[in-house]
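The block underneath contains the structure these notes are about, expressed in structure tokens.
Any value given below was found using the heavy atoms of this structure, including those in side chains, with hydrogens, waters and symmetry copies removed.
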Amino acid sequence: MRSLLALLLLLLALPAAAQELKIAAWNIAWLTTKPAGHPDLPSGLATRTQEDFARLRAYAERLAADVVAIQEVDGPLAAARVFDATRYEFHFPAETDTQRAGFAWRRGLNVTRNPDVSALDLVPNARRSLRRGADITVRAGEGPPIRLLSIHLDGGCAQGSVRRPESRDCQNLGRQAEILRDWIAERRREGVAFAILGDFNRRVGRGDEFVAMLEEAGPLARPTEGFANPCWARDGQARSFVDHILLGGPARSWLVRDSFRVLVYAERDPALRDRLSDHCPISVRLDPR
């Protein structure tokens, strides 16, 4: 009896094991509570029906991620139309854009909201700006913390040079790469695990200039590397990813092998693409250690 009691006391004294953490990125394509015809929305934007929102909620349930970096969402009210607000909390940058990058995370996680990475918005006064980064720190159980940054970068430079830009979009993307490189350098100085997730608007291949600029601050793991994107593939032809998850610091070794997933929509009707999203959720599992 005494030996059993001693064993129980020993187990209680041991630190709780770190929990696996499933993180995801999902651009939900103009997810808004604004009505059709609102001046902040593009003309001709497809209006989602209640059935469409039900489909999105079902996919959020299937995704079942602990933390989701979300893009093109205009705030917590819109996010709550997809993620159950009794089970998820939300964070968005302090800006008024309809297309914002933010986070949804499972209630019960220890989350700290960090200041926005406002420098990413190179044209903050524009009618449709280039969007701030949303920055949070997450700790699962008694495991070590991880810093997460949700981004939605400038479009129009999917493959062009960012070191010798020939367009305004590539120039902007190069400037945003410098800002992200500085953010990575700061995380490296802190020695903290980190991930950058979201819509990079960039098809990243081997030796890509954009990633090379980021890796000037430190090595990164990119789980999408070597995979084709099956989301809305036409005639079986998969596309290149523009959504990515970049892992840095200790998080590079936390990646659970073969855990990268793309949640492909079951719907095949092209008319539903704009009412669901032209982006599918991507995810990985991390094992903090």
Side-chain angles (χ1 to χ4, degrees), residues 25-60 63 68-83 90 92-93 95-102 104 120-134 150-160 167-170 172-173 176 198-203 229-235 237-244 262-282:
W26 190 8
N27 180 325
I28 316 183
W30 291 101
L31 183 65
T32 180
T33 58
K34 295 180 173 68
H38 192 283
D40 289 346
L41 304 179
S43 60
L45 183 69
T47 302
R48 288 186 171 103
T49 65
Q50 289 302 316
E51 186 179 8
D52 296 329
F53 284 114
R55 288 191 181 101
L56 289 170
R57 285 193 295 273
Y59 283 115
L63 181 61
V68 188
I70 47 181
Q71 296 82 45
E72 295 199 25
V73 180
D74 75 358
L77 290 178
R81 303 195 75 167
V82 174
F83 297 91
F90 309 108
F92 289 89
E95 57 187 345
T96 58
D97 299 57
T98 301
Q99 288 192 335
R100 282 191 274 176
L120 285 173
D121 190 353
L122 304 176
V123 286
N125 296 320
R127 181 167 177 262
R128 290 180 186 159
S129 73
L130 292 183
R131 299 166 291 260
R132 298 181 178 190
S150 175
I151 62 170
H152 186 182
L153 301 181
D154 190 16
C157 188
Q159 292 177 299
S167 71
R168 176 61 62 84
D169 289 320
C170 287
N172 286 343
L173 194 62
Q176 289 180 319
D199 184 353
F200 287 65
N201 270 314
R202 181 77 174 180
R203 299 188 184 99
N229 185 1
C231 187
W232 295 110
R234 297 179 180 177
D235 301 322
Q237 297 297 312
R239 303 179 297 162
S240 298
F241 283 97
V242 295
D243 302 291
H244 300 283
V262 183
L263 179 53
V264 178
Y265 305 117
E267 289 78 9
R268 293 293 180 264
D269 183 354
L272 288 174
R273 174 172 165 157
D274 293 335
R275 286 167 34 203
L276 289 172
S277 174
D278 55 339
H279 300 250
C280 294
I282 63 173

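- No donor-acceptor pair closer than 3.5 Å links the side chain of S150 to the backbone N or O of A69.
- At distances below 3.5 Å, not a single donor-acceptor pair connects side-chain atoms of E267 with backbone N or O atoms of R273.
- Remark: the backbone N or O of P230 is not paired with any side-chain donor or acceptor of R239 at under 3.5 angstrom.
- Taking CG from D40 and OG1 from T32, the interatomic distance works out to 8.0 Å, rounded to the nearest 0.5 Å.
- The pair D97-R100 does not meet the salt-bridge criterion, since no charged nitrogen lies less than 4.0 angstrom from a carboxylate oxygen.
- Using modelled atom types and a 3.5 Å distance limit, the side chains of D199 and Q71 yield no donor-acceptor pair.
- Of the possible polar contacts, one joining the R48 side chain to the L276 backbone as a donor-acceptor pair under 3.5 Å is found.
- Listed here is the closest heavy atom pair of G75 and F92: C-CE1, 3.4 Å.
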Verdict with reasoning, R275 to D52, per salt bridge (charged side-chain N to carboxylate O under 4.0 Å, His left out): CA-CA 6 Å; R275 286 167 34 203; D52 296 329; 2.8 Å; yes
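- Scanning both residues, E72 and N27, for their nearest heavy atoms gives OE2-ND2, 3.1 Å.
- Taking CZ of R81 as the start and CD1 of I28 as the end, the distance is 12.5 Å to the nearest 0.5 Å.
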Working for side-chain contact (heavy atoms from CB on, under 4.5 Å), residues W30 and L41: CA-CA 8 Å; W30 291 101; L41 304 179; 4.0 Å; yes
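- Under 3.5 Å, the side chains of D74 and T98 contain no donor-acceptor pair of N or O atoms.
- The two residues F53 and L31 make their nearest non-hydrogen contact at CE2-CD1, 3.7 Å.
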Residues L173, F200; criterion side-chain contact (heavy atoms from CB on, under 4.5 Å); working and verdict: CA-CA 9 Å; L173 194 62; F200 287 65; over 6 Å; no
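- The two residues V264 and Y59 come nearest to each other via the heavy atoms O-CE2, 4.3 Å.
- Residues R203 and S240 approach most closely at CD-CB, 3.5 Å, considering heavy atoms.
- Classification of the W26-Y265 ring pair by plane angle, with boundaries at 30° and 60°, yields tilted.
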